[in-house]
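Notes for the one structure printed next.
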Protein chains: 2
Amino acid sequence: MVALESLKSQDRLLDRQAANSIRRQIVNGIMPPRHRLLETELAGNLEVSRGTIRSALMQLAAEGLVCQVAFTKWEVAPASVHEAWELYTLRAALEALAARLAAERATPADRAELEKVFAELEKAAGGGDREAIIDADFNLHRVVVGMSGHGRLIQQHEKLIQQVRFQMTHIGLTARDYHHLLEDHRALKDAVANGDADEAARLAQTHNSAEVERLLAESVEEKSAAAGRKGPG
Amino acid sequence: MVALESLKSQDRLLDRQAANSIRRQIVNGIMPPRHRLLETELAGNLEVSRGTIRSALMQLAAEGLVCQVAFTKWEVAPASVHEAWELYTLRAALEALAARLAAERATPADRAELEKVFAELEKAAGGGDREAIIDADFNLHRVVVGMSGHGRLIQQHEKLIQQVRFQMTHIGLTARDYHHLLEDHRALKDAVANGDADEAARLAQTHNSAEVERLLAESVEEKSAAAGRKGPG
DNA sequence: CTATAATCAATTGTTGACAATCGACCCGAT
DNA sequence: ATCGGGTCGATTGTCAACAATTGATTATAG
């Protein structure tokens, strides 16, 4: 029931398709951070003109996945702890707002959808398939944000998620143990479904802040380990 | 000491200049909401090629000031209470985060800058020049956000501010009386300067939420007034 | 040998021509 | 009179050639 709509989607424009293709390669880690992008090369690979590629790259730059140095080069965005910190702090703020709005406006259909995606996360966690768990995790957040009825928030969040995935694959931020992950999400889901706006916002905020903490902690570990290797040793 | 840097700024690229020109016209209300934009016409006016205009329009679309309907048209973004609501809720969330970070990281130089822009706001409020007050107001918020040291936050906020200005000129959201406005900002400034992160975040949040309340209240008034005119009357 | 300036190839920036698509208009059928 | 289909002008989408800029390389002077 969606396939028929796809014809009038904007995704048939060549520059969007090119952007989608390049985005996939960046987010999936095929193109590493700081990887240089040559307009001509991309144009050749995707069999479109340079102008089309240019248009695609500008879009990806607006999404934060690509950087441009005028007259000089395009490259894949850098990955670093600071970048990840920016993403998670932003994410916490945005998802807290979304959770609050979602709790305030939840309809029965919304609640059903929420239960559905949570059940999928539960199933994935039971299965133990990392990739499936990550997808289900993001999906649940996406649904909550979608429930906010806040167009700009939805759009910003989607961009953010793509950047998070990119950083994740390169910074190597591992998922928490599945039990905690599941209970965090269950609590968030329940708060939203029960219309407890303050609690939902708090949980969304906390959930993401916890990720930042872990990230920074791991980063410090790495640093001291590195210092240990070339320092006293 | 900044002028010398301007040569290597990216603003000398034609598409950026075109975007700046069009943006100014949109934000200043010269181009009304839903105003149709013709690539050829703009290209003629600004004396650049259509491709360059296209690039500029894509950038403005990413900033939320312009909408595109594929194969059909470009137009200036719509202005409505809902749009304004989206902007202010987002702004509250973003500025709350920024204020918290700013309070945590404020350096002496930051504090000095903060005092400076607040003094300018005070002076403008004393003078009574609406335009100057609005500029000083935005400037103070910009400084606080800049103090956060959060690149993405700064960028998002700048985009947001432009959209807010656009909506303001068309929705006709009037500024609060100058006394309250000044005291709100003084409290925020002090909280940030004193490093009281929680209080700074709360004030930023509240300050913006209050605007939303006023906006929605005015909107309801208008609606009931309109209903009154064509209803019982 | 180093520092500086000129040269050049590689790459991005800009343009105008050509193709694809859309919406309005017109026409005929019912 | 209204509805459906086709035509046409206007507008956007795509492309390939041309111009401008950069960073690396080489030559040169000290």
Side-chain angles (χ1 to χ4, degrees), chain A residues 4-23 25-26 31-78, chain B residues 4-23 25-26 31-78:
Chain A
L4 288 176
E5 303 284 333
S6 69
L7 277 182
K8 76 175 178 185
S9 162
Q10 297 193 331
D11 283 18
R12 78 186 127 123
L13 272 66
L14 287 186
D15 56 350
R16 307 293 178 108
Q17 288 182 244
N20 291 341
S21 172
I22 299 170
R23 185 187 305 111
Q25 298 198 42
I26 294 176
M31 289 175 169
R34 292 285 181 192
H35 175 74
R36 183 161 184 185
L37 298 163
L38 297 189
E39 294 181 358
T40 308
E41 184 184 325
L42 292 170
N45 289 137
L46 300 178
E47 298 179 292
V48 294
S49 86
R50 255 189 65 220
T52 303
I53 291 295
R54 195 149 238 281
S55 176
L57 288 176
M58 295 181 74
Q59 179 168 342
L60 293 173
E63 295 175 20
L65 292 172
V66 154
C67 298
Q68 177 175 34
V69 182
F71 287 108
T72 305
K73 63 184 173 183
W74 297 89
E75 51 180 50
V76 175
Chain B
L4 289 176
E5 302 286 333
S6 69
L7 277 181
K8 75 175 180 188
S9 163
Q10 296 195 333
D11 283 17
R12 78 187 128 118
L13 272 64
L14 287 186
D15 57 349
R16 305 293 178 109
Q17 288 183 243
N20 291 342
S21 172
I22 300 170
R23 185 187 305 110
Q25 299 198 33
I26 294 176
M31 288 176 171
R34 291 284 181 193
H35 174 74
R36 182 161 186 185
L37 298 163
L38 297 188
E39 293 181 359
T40 308
E41 185 184 325
L42 292 170
N45 289 137
L46 300 179
E47 298 179 291
V48 294
S49 86
R50 255 189 65 220
T52 302
I53 291 296
R54 195 150 238 282
S55 176
L57 289 175
M58 294 181 72
Q59 179 169 343
L60 293 172
E63 295 176 19
L65 292 172
V66 154
C67 298
Q68 176 176 34
V69 182
F71 287 108
T72 304
K73 64 184 173 182
W74 297 88
E75 51 179 50
V76 175

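So you know, we letter chains A, B, ... as the sequences are listed, proteins then strands, and number each from 1.
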Heavy atoms under 4.0 Å, any strand shown: does A/Arg16 hit a base, just sugar-phosphate, or nothing? nothing
Which atom names give the shortest non-hydrogen contact between B/Cys67 and B/Ala77, and what distance separates them? SG-CA, 4.0 Å
In whole Å, I'd like the distance from the CD atom of A/Glu39 to the C1' atom of D/dT21. 13 Å
Strictly distance-based, threshold 3.5 Å: is any side-chain N or O of A/Thr72 a donor or acceptor partner for the main-chain N or O of A/Ala70? yes
Per atom distances to the B/Thr40 side chain, the nearest of D/dT12, D/dT21, D/dT14 is D/dT12
Without decimals, in angstroms, what is the distance between A/Met58 CE and D/dT14 P? 15 Å
Rounded to the Å, how far apart are B/Glu47 CD and C/dT14 C1'? 15 Å
5'-most by nearest nucleotide on DNA chain D - A/Asp15 or A/Val69: A/Asp15
Could you state the atom-to-atom distance from CG of B/Leu57 to C1' of D/dT12 in whole Å? 11 Å
Looking at A/Thr72, I'd like to know whether one of its side-chain N or O atoms comes within less than 4.0 Å of OP1 or OP2 on D/dT21. no
Under 4.0 Å, counting only non-hydrogen atoms across every strand here, what does A/Leu37 touch: a base, just sugar-phosphate, or nothing? sugar-phosphate
Could you state the interatomic distance from CZ (A/Arg23) to CG (A/Asn20), rounded to the nearest 0.5 Å? 5.0 Å
Take the protein atom CG of B/Leu14 and the nucleotide atom P of D/dT21, then report the distance between them rounded to whole Å. 10 Å
Send over the distance from B/Arg50 CZ to C/dA20 C1', rounded to a whole Å. 12 Å
Salt bridge (Lys or Arg N to Asp or Glu O under 4.0 Å), that's the test. Do B/Arg34 and B/Glu75 meet it? Break it down for me. CA-CA 5 Å; B/Arg34 291 284 181 193; B/Glu75 51 179 50; 2.5 Å; yes
Quick one: which of D/dT21, C/dT11, D/dT14 gets closest to the side chain of A/Ser49? D/dT14
Taking atom C1' of D/dA10 as reference, at what distance in whole Å does atom CZ of B/Phe71 sit? 15 Å
Nearest heavy-atom approach of A/Ile53 to A/Leu46 is CD1-CD1, 3.9 Å
Spacing between B/Arg36 atom CZ and D/dT11 atom P, to the nearest angstrom: 6 Å
Could you check whether A/Gln68 gets within reach of a base, just the sugar-phosphate, or nothing at all, counting any heavy atom under 4.0 Å? sugar-phosphate
